[in-house]
Amino acid sequence: MRLLLVLTVIIAVTVLLWGSWQWGRRPFYLVLSLVLAGLMVLGIGVWQGGRDDQVRLPPDGIEVTLKEFLASESGVRLTGNLANRSEMNVAAVTLQARALSCPKSENDCTVIYQQTIDVQMYLPAGQDYPFAVVSRHPKEDTPVDRWELEAIDKLAYPQS
């Protein structure tokens, strides 16, 4: 779709320049200067827009709290709270969800399934928000005693 838009603009500018050439040199140079000014404005906009890009960083300052998990037919719904204790605004957090089987004690658990989950959520610095994500069911027939969530990385807005 973007290619079609670019081709349409190129054809329109070409027709406009050709038509202005037919009218004379002055209209041609006027249209050419307007086209070049427009291209310069677009170029500056693209170049300056890179300052607001997001960067992937370690999850320093991100606190994940798992409140509950609920199994359903399509997966396991994990709900909890994401807190941003860092000084940067965060656009997304990548979480590692682990299903644990603890047959003997709470401290002696084995990981039976893990999945990476992207949470696309704007988290301002110093704020926390509730979240809910869905993980797939573990393939083994081992019962899941509990789930664990850990932040792997964050997508943050750099400081200006």
Side-chain angles (χ1 to χ4, degrees), residues 1-13 34-160:
M1 194 65 162
R2 187 177 296 179
L3 179 65
L4 183 63
L5 178 66
V6 169
L7 288 175
T8 303
V9 169
I10 289 173
I11 291 171
V13 167
L34 291 175
V35 167
L36 291 176
L39 287 174
M40 285 177 32
V41 167
L42 284 175
I44 290 171
V46 168
W47 181 63
Q48 292 289 334
R51 289 189 295 161
D52 298 328
D53 286 347
Q54 302 160 353
V55 292
R56 198 155 290 277
L57 297 170
D60 301 332
I62 300 296
E63 298 173 6
V64 183
T65 307
L66 181 63
K67 291 186 179 175
E68 70 175 343
F69 61 93
L70 180 64
S72 67
E73 289 180 13
S74 59
V76 178
R77 185 172 193 248
L78 306 167
T79 58
N81 202 27
L82 271 176
N84 181 7
R85 303 293 177 240
S86 67
E87 298 195 9
M88 287 192 240
N89 296 331
V90 173
V93 177
T94 303
L95 301 175
Q96 182 77 36
R98 291 186 195 92
L100 303 173
S101 175
C102 309
K104 298 178 182 168
S105 68
E106 265 319 290
N107 297 332
D108 187 30
C109 296
T110 57
V111 177
I112 58 173
Y113 179 75
Q114 60 185 5
Q115 178 184 356
T116 303
I117 301 172
D118 286 326
V119 179
Q120 302 285 330
M121 178 189 304
Y122 178 73
L123 289 169
Q127 300 292 318
D128 58 329
Y129 289 99
F131 73 93
V133 293
V134 176
S135 175
R136 297 183 189 272
H137 285 290
K139 292 187 177 155
E140 293 93 20
D141 292 332
T142 310
V144 177
D145 294 315
R146 67 179 182 160
W147 284 82
E148 214 175 60
L149 284 176
E150 176 188 6
I152 298 174
D153 64 5
K154 65 183 176 183
L155 192 62
Y157 298 100
Q159 298 290 339
S160 303

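This one's a predicted model, so the numbers in the text were calculated from it and none came from an experiment.
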Peer 1: Looking only at heavy atoms, which two atoms of Q54 and A91 are closest? And how far apart?
Peer 2: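 So the minimum-distance heavy-atom pair works out to NE2-CB, 3.6 Å.
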Peer 1: Rounded to the nearest 0.5 Å, how far apart are CG of N81 and CG of L66?
Peer 2: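 Going from CG on N81 over to CG on L66, the span is 11.0 Å.
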Peer 1: Considering only heavy atoms from C-beta outward, does the side chain of L57 approach that of D153 to under 4.5 Å?
Peer 2: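 No, their side chains stay 4.5 Å or more apart.
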Peer 1: Once you measure the plane-to-plane angle for F69 and W147, does it fall in the parallel (<30°), tilted (30-60°) or perpendicular (>60°) bin?
Peer 2: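 The arrangement is tilted - the two ring planes meet at 30° to 60°.
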Peer 1: Can you tell me how far apart CD1 (I117) and CD (Q114) are? Round to the nearest 0.5 Å.
Peer 2: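 Spacing of CD1 (I117) from CD (Q114) equals 11.0 Å.
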Peer 1: Which atom names give the shortest non-hydrogen contact between N89 and A125, and what distance separates them?
Peer 2: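 In terms of heavy atoms, the two residues are closest at OD1-N, 2.9 Å.
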Peer 1: How about S86 and D60: does a side-chain donor come under 3.5 Å of a side-chain acceptor?
Peer 2: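 No - no donor-acceptor pair under 3.5 Å links their side chains.
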Peer 1: Looking at SG of C102 and CZ of R146, how far apart are the two atoms once the value is rounded to the nearest 0.5 Å?
Peer 2: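 If we round to the nearest 0.5 Å, C102:SG and R146:CZ are 4.5 Å apart.
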Peer 1: If you compare all heavy atoms of D145 against all heavy atoms of P103, which two are closest, and at what distance to 0.1 Å?
Peer 2: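 Nearest heavy atoms, D145 then P103: OD2-N, 4.0 Å.
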Peer 1: Between atom CG of L155 and atom OG1 of T94, what is the distance when rounded to the nearest 0.5 Å?
Peer 2: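 Answer for the CG-OG1 pair, L155 versus T94, is 8.0 Å.
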Peer 1: Report yes if the side chains of V144 and P138 come closer than 4.5 Å at any heavy-atom pair, otherwise no.
Peer 2: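 The answer is yes; the side chains approach within 4.5 Å.
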Peer 1: Looking only at heavy atoms, what is the nearest atom pair of Q120 and A92, with distance?
Peer 2: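 Here Q120 and A92 meet closest at OE1-CB, 3.7 Å.
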Peer 1: What are the two closest heavy atoms between P124 and N84, and how far apart are they?
Peer 2: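 What the structure gives for the nearest pair is O-ND2, 3.4 Å.
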Peer 1: Can you tell if the side chain of L95 reaches within under 4.5 Å of the side chain of F131, non-hydrogen atoms only?
Peer 2: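 They are in side-chain contact.
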Peer 1: Please round to the nearest 0.5 Å and tell me the distance separating atom CZ of R85 and atom CG of L123.
Peer 2: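 Between R85 CZ and L123 CG, I get 10.0 Å after rounding to 0.5 Å.
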Peer 1: Please round to the nearest 0.5 Å and tell me the distance separating atom NZ of K67 and atom CG of L78.
Peer 2: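 K67 NZ to L78 CG: 13.5 Å, rounded to 0.5 Å.
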Peer 1: Please tell me if the side chains of L82 and D128 come closer than 4.5 Å, counting only heavy atoms from C-beta onward.
Peer 2: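 Not touching, per the 4.5 Å side-chain cut-off.
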Peer 1: Less than 4.5 Å apart, any side-chain heavy atom of V76 and any of H137?
Peer 2: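 Yes, side chains in contact.
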Peer 1: Provide the closest heavy-atom pair for A151 versus V64 in the form atom of the first, atom of the second, distance.
Peer 2: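 Minimum heavy-atom contact is CB-CG2, 4.0 Å.
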